[in-house]
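What follows is one structure encoded as C-alpha cells, with my remarks underneath.
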Amino acid sequence: MTVQSNPNNARNFSGGPGALPQTVLEQVQQAIVCEPDTGLSILGISHRSDWFAAVLAEVQTNIRQLLGIGAEYHVLMLQGGATQQFSQIPMSFLAGQRQPPDYLCTGYWSRKVLGEAERSARLRVVWSGAAENYRRLPRDEELDFSAEAPYLHYVSNETVEGLQFHRMIGHPAVPRFCDMSSDFLSRPIEAERYAFMYAHAQKNLGPAGVTLVLLRDELLQKIPEDTLPGWLDYRNQVHAHSNYNTPPVFAIYVVLLVTRWLLNDIGGLAAMDAINRRKAETLYRFLDEGDGFYQGRAAVADRSLMNVTFTLRDPNRTADFLAAAQRAGFYGLNGHRAIGGMRASLYNGLTLPAVEGLVDFMHEYRRQAG
Ligand SMILES: *Cc1c(COP(=O)(O)O)cnc(C)c1O
C-alpha cells in the first residue's frame, strides 16, 4: 500500500505518537528504500557520514530559523524522551544552589516531571491544579514566583487534560525551563525568553526516538564537573554536535523533513498557528454550540489548540461513541487512560478537512442518539 492509498492517516487524532503530514510520509516511504541523496536506505546510513552531519546541521538551522534564535542557544537532538529531561535538568543545574527551583503542577505531565525531579532535589511547587482536577491553569495573581529560584519549570501544553498556556509566565530574573513536547513548533513563541526548551518528536515533529533540547550557552557553566555519566552531560552532547554515540538517524531525518515542510510548504510558525487556530476553533465552536450532549473539559480561557478534551453528558455512551467513530474512520479519539473521556489531538500534521469531517460525524452521532 502507498501512503496515498491509505486514507486512515489523514484522520488520526492520536495523542501521541501523532499524525505526520502526508507529504512527509511519502518522502519517508521513499527513503526507507532509497534516500535520494545517498542512494541508500535511510535505515542503513552511517551516523559518521558527511551526509548525516549535513542532516544534523540543517535541522539546527531550520529550527533556529523557525524560532528566530541565534548562536546563544545550542540545539541538541537527544535520546531518552522528554522523561529523561525531567531528571537530567535537576541533576545538571542545581549543584551548589541554596534556593529550590520553582515548579508548576498543572496536570498529568507536570506530575510526572515533579515525581522525577523530587528524587534529586528539593523543590518549591508554586501552584498546583490537583484540587480542581486540573481543569484550568493558574491566573497571574495566583502565581507567586521566587526571584531567587535557580530556574522555573513548567509544561506549556498539558497533553492529557488539554490545557495550554496562552501567555508568558515567570519571574524576569529567573531562567524559564519549559517542557514543550506537545506544542513545540505549533505556533510562534518568544523563544529568547526561555533559557531551556525541550520537546520530544513524537507529538508534532516526527517519530519517537529523538528529543530536541534548546539551551542557552551560559547554562553549561552550571553543570557540575565530572559527576554525571558522560552521556547525560549536556556539554558532551554540545561538543559532539548531538553525535556523541549513535543517534537515532532515522528519527532525526524525519524531523528534518518536518522542519522543511514547516518552512517551505506551510510558510513558518505564524502560518502554522493560523491553521491550528482554525482547526481548534472549528471543534470548540461545535462543542460550545451544542445542547450539552458533548461537553468540553478544560476551562475556556486555557483550552489547548493541540488537544481538545471532551466528555459526553451521558458517560455510559463513551465506549459506543468511540466505536462508532472508529467505524466511521476516525482514529485515536479515546482520552488518556488517566482521565478517560475523549481527546481529539490536532497536531500540525492533522488537516482542517479532517477536523471538519470529525465535526460532521459528531453532529450525525448526536442526531441519531437524540
Ligand atoms: C507525551 C509527553 C511526555 C512524555 O514524553 P516521553 O518522550 O514519552 O518521555 C512528556 N511531556 C509532555 C508534555 C508530553 O505530552
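Atom set for the values below is all heavy atoms of this structure, side chains included, hydrogens, waters and symmetry mates excluded. Not measured: the values here are computed from a predicted model. Atoms within each ligand, like the ligands themselves, are counted from 1 in listed order. Numbering starts at 1 and runs along the sequence shown.
- In the vicinity of V155, heavy-atom distances shorter than 4.0 Å reach the ligand 1 atoms 13 (C).
- Judged purely by distance below 3.5 Å, without hydrogens or angles, the side chains of E158 and S110 pair a donor atom with an acceptor atom.
- Among protein heavy atoms, the minimum distance from atom 9 (O) of ligand 1 is reached at T83 OG1, 2.4 Å.
- Each of the following atoms of ligand 1 lies closer than 4.0 Å to a heavy atom of G81: 7 (O), 9 (O).
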Does R136 form a salt bridge (Lys or Arg N to Asp or Glu O under 4.0 Å) with D302? I'd like the steps, not just the answer. CA-CA 6 Å; R136 69 172 181 95; D302 306 316; 6.0 Å; no
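- N348 and N276 share a side-chain donor-acceptor pair at under 3.5 Å.
- When only non-hydrogen protein atoms are considered, atom 15 (O) of ligand 1 lies nearest to T159 OG1, 2.4 Å.
- Hydrophobic clustering (ILVMFWY, side-chain heavy atoms < 4.5 Å, transitive): L350 and L287 are in one cluster.
- V258 and L214 fall within the same hydrophobic cluster, where Ile, Leu, Val, Met, Phe, Trp and Tyr residues are linked whenever their side-chain heavy atoms come under 4.5 Å apart, directly or through other members.
- Heavy-atom proximity to atom 12 (C) of ligand 1, evaluated over V210, D179, T211, is greatest for D179.
- Contact annotation for Y108 and ligand 1: no heavy atom of the residue comes within less than 4.0 Å of the ligand.
- When hydrogens are left out, the protein atom nearest atom 6 (P) of ligand 1 is H200 ND1, 3.4 Å; that is the closest non-hydrogen contact.
- Nearest heavy atom pair, residue N307 against residue S345, reads ND2-OG, 2.9 Å.
- For the 3.5 Å distance criterion, the side chains of N9 and Q22 fail to qualify, holding no donor opposite an acceptor.
- For ligand 1, the atoms sitting less than 4.0 Å from at least one non-hydrogen atom of A82 are 5 (O), 6 (P), 7 (O), 9 (O), 10 (C), numbered in the order shown with element in parentheses.
- Distances shorter than 4.0 angstrom occur between a heavy atom of Q202 and an atom of ligand 1.
- In terms of protein heavy-atom proximity, atom 14 (C) of ligand 1 is nearest to K203 NZ, 2.9 Å.
- Using a 3.5 Å distance cut-off with no hydrogens or angles, the side chains of N157 and S304 do pair a donor with an acceptor.
- If you check which protein heavy atom lies closest to atom 4 (C) of ligand 1, you get W109 CH2, 3.3 Å.
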